[in-house]
**Q** 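Pasting in a structure now, in structure tokens, and then I'll have a few things to ask.
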Amino acid sequence: MTYNIVALPGDGIGPEIMEAGLAVLKAVAAYEGFDYEVVSCDFGGGAIDTFGMPLPTPTLKAAKEADAILHGSIGDPRFDNEAIRPEQGLLEIRKELGLFSNIRPLKIYDALKAVSPIKNVENVDFVVVRELTGGIYFGKHTLNENDAEDVCSYTKHEVERVAHAAFKLARTRRKKVTSIDKQNVLATSKLWRKVVSEVAKNYPDVELHHQLVDSAAMLFITNPQQFDVIVTENLFGDILTDEAAAIAGTLGVMASSSKGDKVAFYEPIHGSAPDIAGLGIANPIGMISSVAMMLSDTFGLHGAAKKIEDAIEQTLKDGILTKDLGGNATTQAVCNGIISRLDY
């Protein structure tokens, strides 16, 4: 069997980290003996230049036919004040592919514990399940000279399906779900809490807790050990997972997967970092770890995924660190370090 993978390098540092991710994939495939094919497609700012839109029809077609999708990063300051922006392509592909559930695990590598800004990161191990196709990002947006409006809306169905995803994940972990909302103020959060509580009745073996988003943000810093699986709406999840990445020491090491009913989409959680694009100093670990997630979650190659994660851990322990982690290693050096430490 040949795995069909679509690569969307995207903008900024995206092409650089994608190259590193695909190099690790090539090395692991040679050791493991599986076949794959990668098709690289235009997406983001470059696609706007060529096609006039961030998600061209050929790219969407390829994505729909793929077994899995790898994405680098998106965002280009050239389009900040334009009507058509690269980020619109990311929202569109999530909607078109039905990617309603974004899984963002917080993994703190032993070698990076000293880099974390909080004192105690022992036994921190949680996953954020972020709803991805509803909420304020997909609502109506209006901007006038003297006023603006952003509409946030959710349906019962949208909340139910992401809640089920969170509870199913919790069953494979420590069987605890924390649902984060702002139900003391927002109507959407009142619906959210009600529906999540109803879904919880289908999982009597899983413990459910509700937490307001502002207090949850505080607990991420003061007591992150209490969390196992977190489920929350789109905007809150976007913000909280960046906070979680800071706990790990940098955005550069955080991977994620976005899932619906069919194809899955894997990407690091960081942005396009245009200020360092082309300098060869971007941290590729989030991208490489996303490749490992793809191998495990979509293709069932759990051993291969663990080999990559172990190689990442050893590379960090050996002090091969990019600038964001206080080192001076290049993107290529980190990539080469991980490949050379694959334990085969």
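The basis for the numbers below is simple: all heavy atoms, side chains too, and nothing from hydrogens, waters or symmetry mates. What you see is a predicted model; the values in this text were computed from it and never measured.
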**Q** Give the table of side-chain donor-acceptor pairs shorter than 3.5 Å for residues 79-91, with sequence neighbours excluded, one pair per line with atom names and distance.
**A**
| from | atom 1 | to | atom 2 | distance (Å) |
| --- | --- | --- | --- | --- |
| Gln88 | OE1 | Arg85 | N | 3.1 |
| Gln88 | NE2 | Ala83 | O | 2.9 |

**Q** Count the heavy atoms belonging to other residues, nucleotides or ligands that lie under 6.0 Å from CD of Glu19, then report whether that count exceeds 12.
**A** no
**Q** How close do Val121 and Ser116 get, counting heavy atoms only, and between which atoms?
**A** CG1-OG, 3.2 Å
**Q** With the side chain counted from C-beta on, respond yes when Thr315 and Ile285 share a heavy-atom pair under 4.5 Å apart, and no when they do not.
**A** no
**Q** Go through the structure and list residues passing side-chain hydrogen bond (donor to acceptor under 3.5 Å, both in side chains) with Asn223, not counting sequence neighbours.
**A** none
**Q** Partners of Glu145 by side chain to side chain contact (heavy atoms under 4.5 Å, CB included), sequence neighbours excluded?
**A** none
**Q** Kindly state each residue pair satisfying side chain to side chain donor-acceptor pair (under 3.5 Å) with at least one member in residues 240-250, sequence neighbours excluded.
**A** Arg104-Thr241, Thr250-Asp324
**Q** Measure from the side-chain N and O atoms of Glu233 to the backbone N and O of Asp181, and report whether any donor-acceptor pair falls under 3.5 Å.
**A** no
**Q** Scan for ring-ring contact (aromatic ring centres under 6.0 Å, His included) pairs involving residues 87-125, sequence neighbours excluded, and state none if there are none.
**A** none
**Q** Strictly by side chain to side chain donor-acceptor pair (under 3.5 Å), give each pair with a member in residues 50-60 just once, sequence neighbours left out.
**A** none
**Q** So, the side chain of Thr331 versus the backbone of Pro284: is there a donor-acceptor pair under 3.5 Å, distance only?
**A** no
**Q** When you measure from the side chain of Ser289 to the backbone N and O of Gly286, does any donor-acceptor pair fall under 3.5 Å?
**A** no
**Q** Measure the spacing between CG of Leu55 and CE of Met53 and express it to the nearest 0.5 Å.
**A** 8.5 Å
**Q** Can you measure from CD1 (Ile103) to CZ (Arg130) and round to the nearest 0.5 angstrom?
**A** 11.5 Å
**Q** Less than 4.5 Å apart, any side-chain heavy atom of Met294 and any of Ile5?
**A** yes
**Q** Applying side-chain hydrogen bond (donor to acceptor under 3.5 Å, both in side chains), name anything that partners Glu160, two or more places apart in sequence or on another chain.
**A** none
**Q** Under the ring-ring contact (aromatic ring centres under 6.0 Å, His included) rule, what pairs show up with a residue in residues 258-285, not counting sequence neighbours?
**A** His71-Phe265
**Q** Any side-chain to backbone donor/acceptor pair from Asp228 onto Arg174? Under 3.5 Å, distance only.
**A** yes
**Q** Between Glu122 and Lys113, does any side-chain N to carboxylate O distance fall below 4.0 Å?
**A** yes
**Q** Under 3.5 Å, is there a donor-acceptor pair between the side chain of Gln225 and the main chain of Asn120?
**A** yes
**Q** Taking Asp67 for the side chain and Asn4 for the main chain, is one N or O donor matched with an acceptor at less than 3.5 Å?
**A** yes
**Q** Is there a path of hydrophobic side-chain contacts, each under 4.5 Å between heavy atoms of I, L, V, M, F, W or Y residues, that connects Val28 with Tyr3?
**A** yes
**Q** Short question: side chain of Asp35, backbone of Thr2 - any donor-acceptor pair under 3.5 Å?
**A** no
**Q** Are the side chain of Ser256 and the backbone of Glu267 linked by a donor-acceptor contact shorter than 3.5 Å?
**A** yes
**Q** Taking only residues at least two apart or on different chains, which pairs with a member in residues 139-184 satisfy ring-ring contact (aromatic ring centres under 6.0 Å, His included)?
**A** Tyr154-Trp192, His164-Tyr203, Phe167-Tyr203
**Q** Name all residues meeting the side-chain hydrogen bond (donor to acceptor under 3.5 Å, both in side chains) criterion together with Ser197; count only those two or more places apart in sequence or in a different chain, and write none if there are none.
**A** His210
**Q** Whether the side chain of Ser296 engages the backbone of His302 through a donor-acceptor N/O pair (distance < 3.5 Å, no angle test) should be reported.
**A** no
**Q** Any chance you could measure Gln211, atom CD, to Phe227, atom CZ, to the nearest 0.5 Å?
**A** 5.5 Å
**Q** Measure the CD-CG distance between Glu92 and Leu97 for me, rounded to the nearest 0.5 Å.
**A** 10.0 Å
**Q** Closer than 3.5 angstrom, by distance alone: can the side chain of Lys95 be matched with the main-chain N or O of Thr133 as a donor-acceptor pair?
**A** yes
**Q** Among all residues two or more places apart in sequence or in another chain, which pass the side-chain hydrogen bond (donor to acceptor under 3.5 Å, both in side chains) test with Arg78?
**A** Asp49, Asp76
**Q** Using atom types as modelled, flag every donor-acceptor pair under 3.5 Å from a side chain in residues 183-191 to any protein atom, sequence neighbours excluded.
**A**
| from | atom 1 | to | atom 2 | distance (Å) |
| --- | --- | --- | --- | --- |
| Ser189 | OG | Lys182 | N | 2.9 |
| Lys190 | NZ | Gln183 | O | 2.7 |

